[in-house]
Amino acid sequence: MDGVKTVAVIGLGYIGLPTATILATNGMKVIGVDVNSATVAAVNKGEVPFVEPDLETFMVGAVTQGNLTATTETPEADVYVIAVPTPFQEGYQPDLSYIYAAVDQIAPKLRGGELLILESTSPPGATEKMAERVLASRPDLDQSNDRQIVHFAHCPERVLPGRIMIELVTNDRIVGGITKEAALKAKELYESFCEGEILLTDARTAEMVKLVENSYRDVNIAFANELSLIAEKLDIDVWELIELANHHPRVNILQPGPGVGGHCIAVDPWFIVSATPDEARLIRKSREVNEAKPKWVIDNVTEKAERLKKPIIAALGLAFKPDIDDLRASPSVAIVEALADQLSDGHIYVVEPHIEDLPSSLSEKSNVTLSTKDHALDESDIILLLVDHTAFKSVGSEKLASKIVIDTKGIWR
Ligand code: SAJ
C-alpha cells in the first residue's frame with residue numbers, strides 16, 4: 001500500500017491479534033495496542049494468549065522479523081484498525097464505550113491524512129459517530145484541506161473462530177467508507193493479504209451487512225431449535241426429521257442444540273432490534289427462541305433427575321461450539337450452573353477436554369467437578385451431551401446402555 005509505514009491495531013483479542021499478525025506477515029510495520037499489559041507482554045514474546053490454529057506460527061515469524069510489536073500506549077501511525085469489543089448493555093442497547101475509549105486515544109496522535117478503520121461489529125451509524133467524535137476533538141485538522149483529511153471506514157470481520165488464519169485470507173470483505181476515497185484507501189490495505197473479493201459500499205450498509213449475516217444464522221438456528229421442541233411434543237426424532245427434510249433441493253435446515261453461544265450470533269441481532277424495535281419482529285423472536293432453549297434443557301434434565309435420590313450427571317462439553325476452548329456466553333456453562341443449584345443433593349462431573357480448570361462460576365460450586373470422560377461416564381446416572389466435540393463422538397453404545405441419555409446435539413443417534 002503506497003505511503004503506509006505503520007498500522008496500529010487497537011485491541012489484541014480474537015480478531016485484532018490475527019489481523020495484526022497477517023498484516024505484519026505481509027510486510028506492514030504493525031504496532032498492536034491493548035489495555036491489558038499481560039496480553040502485550042505475551043505478544044512481544046511471540047505467545048498467543050488463546051487457542052487459534054496456526055496463529056502462533058505466523059505470530060512468532062512476524063515478531064522475530066520485527067514487523068509486529070505490542071504496547072499499551074496508542075502510537076502515531078498511518079492507519080488505525082480498531083478491533084475492540086462491542087457488547088450490549090442493559091436493555092440490549094449497544095455499548096460503544098470501548099470504541100470511544102480507543103478513538104479518544106487515537107485523536108491526539110493524528111497529523112492529518114490517516115485512515116481509521118472500525119472492524120468491531122457495530123450498530124448502524126457507529127462509524128459516523130466515531131468520525132464525528134474524532135473530528136470534534138480535533139477542529140485544528142482542516143477537513144477541506146486535502147493533506148489534513150482524516151479518512152474513516154468500516155470493514156467488519158467475518159472470520160469463523162477455529163479457522164481465522166484461513167478465512168482472513170480467503171473470505172470476501174465488505175468495506176464501507178464514510179467517503180468513497182476512504183473505502184478505496186481501506187481496500188488497498190486489505191488487498192495486502194486478502195485473496196477474496198473486496199466489495200465497496202458506504203459505512204452504514206457495511207455495518208448492516210455484518211449484522212444481517214449473523215441475524216440470518218440466528219433466525220435459522222431458532223427455526224431448528226423450535227422444531228426440536230415441536231418434535232419432542234409429537235414424539236418425533238428431530239434429527240431424522242431435519243435430515244429427511246433437507247433432502248428437498250431448496251431446504252437446508254440448521255441443527256438444534258442447547259442454545260446459541262459465543263459473542264457474535266447471540267449479540268449482533270440485538271443491534272438491529274434496538275435500532276428498529278417495531279420492524280425487527282422476526283429477529284427479536286428468534287433471539288427469544290434461542291435464549292429460551294437452555295431452560296428447556298435444564299427442565300428436561302431436572303425432570304429426569306427427580307426420579308433419582310442422588311442424581312449423578314455427566315455433563316459433556318462446556319465450550320460454545322465444538323472443538324474450541326472458548327466458553328464465552330456458552331449455553332452449556334449456564335445449563336451446568338443452573339443444574340448445580342437445582343440439584344444440590346446430586347453431583348455433576350463436567351468433561352471439557354479443551355480446558356484445564358473450570359470457570360470460577362462452576363469451580364465455586366461444591367457439587368461440580370472437572371472430570372475425565374471415562375470417569376464421568378462410569379460414575380453417572382444421567383449423561384447430558386452439550387457440545388458435539390469430536391472427542392465425544394466415539395463414545396460407544398455400551399457406555400450409554402444403562403444410563404439416561406440426553407443428547408442435545410444428536411451425535412449418538
Ligand atoms: N449453532 C447451532 N446450530 C447450528 C449452527 C450453530 O446451534 O446449526 C450454535 C453453535 O453451537 C454456537 C452458535 O450457534 O453456540 C454460534 O456458532 P457459529 O458457528 O454459528 O458462529 P460463530 O459465533 O462462531 O461465528 C459467527 C460466524 N457468522 C456466520 O456464520 C454468519 C462468523 O463468520 C462470524 O465472523 C462470527 O460469527 C463473528 O465474529 O461475528
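Counting from 1, the numbers follow the sequence of the chain as shown. In each ligand, atom 1 is the first atom listed, and ligand 1 is the first ligand listed. Note that this is a predicted model, so its numbers are computed, not measured.
Taking every non-hydrogen atom of K210 and a distance limit under 4.0 Å, the qualifying atoms of ligand 1 come out as 35 (O), 38 (C), 39 (O), 40 (O). Heavy-atom contacts of V260 reach the following atoms of ligand 1: 13 (C), 14 (O), 15 (O) (cutoff under 4.0 Å). Heavy-atom contacts of E213 reach the following atoms of ligand 1: 31 (C) (cutoff under 4.0 Å).
Of the N or O atoms in F320, one or more lie within a sub-3.5 Å distance of an N or O in ligand 1. Of the polar atoms of P322, none of the N or O atoms is found under 3.5 Å from an N or O of ligand 1, judged by distance alone. Residue contacts with ligand 1: L254 is placed with no nitrogen or oxygen under 3.5 Å of a nitrogen or oxygen of the ligand (distance criterion only). Ligand 1 has no nitrogen or oxygen under 3.5 angstrom from a nitrogen or oxygen of E167.
Regarding atom 31 (C) of ligand 1, its nearest protein heavy-atom neighbour is N214 OD1, 3.2 Å. Among protein heavy atoms, atom 39 (O) of ligand 1 sits closest to E157 OE2, 2.6 Å. Ranking protein heavy atoms by distance to atom 16 (C) of ligand 1, first place goes to G261 O, 3.8 Å.
For the pair R133 and Y100, the cation sits on the ring face: its NZ or CZ lies under 6.0 Å from the ring centre, inside 45° of the axis. Because its NZ or CZ atom is both nearer than 6.0 Å to the ring centre of Y14 and within 45° of the ring axis, R328 counts as a cation-pi partner of that residue.
For the residue pair S122 and K210, no side-chain donor N or O sits within less than 3.5 Å of a side-chain acceptor on the partner.
E352 places a side-chain N or O within donor-acceptor distance of the main-chain N or O of L318, the cut-off being under 3.5 Å. Checked by atom type and distance alone, the side chain of K373 never pairs as donor or acceptor with a backbone atom of V395 at under 3.5 Å.
Of all the heavy atoms in L362 and V368, the pair that sits closest is O-CB, 3.9 Å.
Closest to atom 22 (P) of ligand 1 by heavy atom, among K321, R217, R163, R158, is K321. With K293, R328, K409, Q255 as candidates, the residue nearest to atom 4 (C) of ligand 1 on a non-hydrogen basis is Q255. Looking at I221, D268, L160 and measuring to atom 14 (O) of ligand 1, the nearest heavy atom belongs to I221.
Here N220 has no heavy atoms under 4.0 Å from ligand 1, in either its backbone or its side chain. Neither the backbone nor the side chain of H263 comes within 4.0 Å of ligand 1, counting heavy atoms alone.
Between F88 and W270, the angle of the ring planes goes over 60°, which puts this pair in the perpendicular group of the 30/60° scheme.
Residue-ligand proximity: C264 is placed with a non-hydrogen atom under 4.0 Å from ligand 1.
Contact annotation: the side chain of I312 approaches that of Y349 to within less than 4.5 Å [non-hydrogen atoms, C-beta and beyond]. A 4.5 Å side-chain heavy-atom check between I178 and H151 finds every atom pair outside the cut-off. Looking at H347 and I313, their side chains never come closer than 4.5 Å, going by heavy atoms from C-beta outward.
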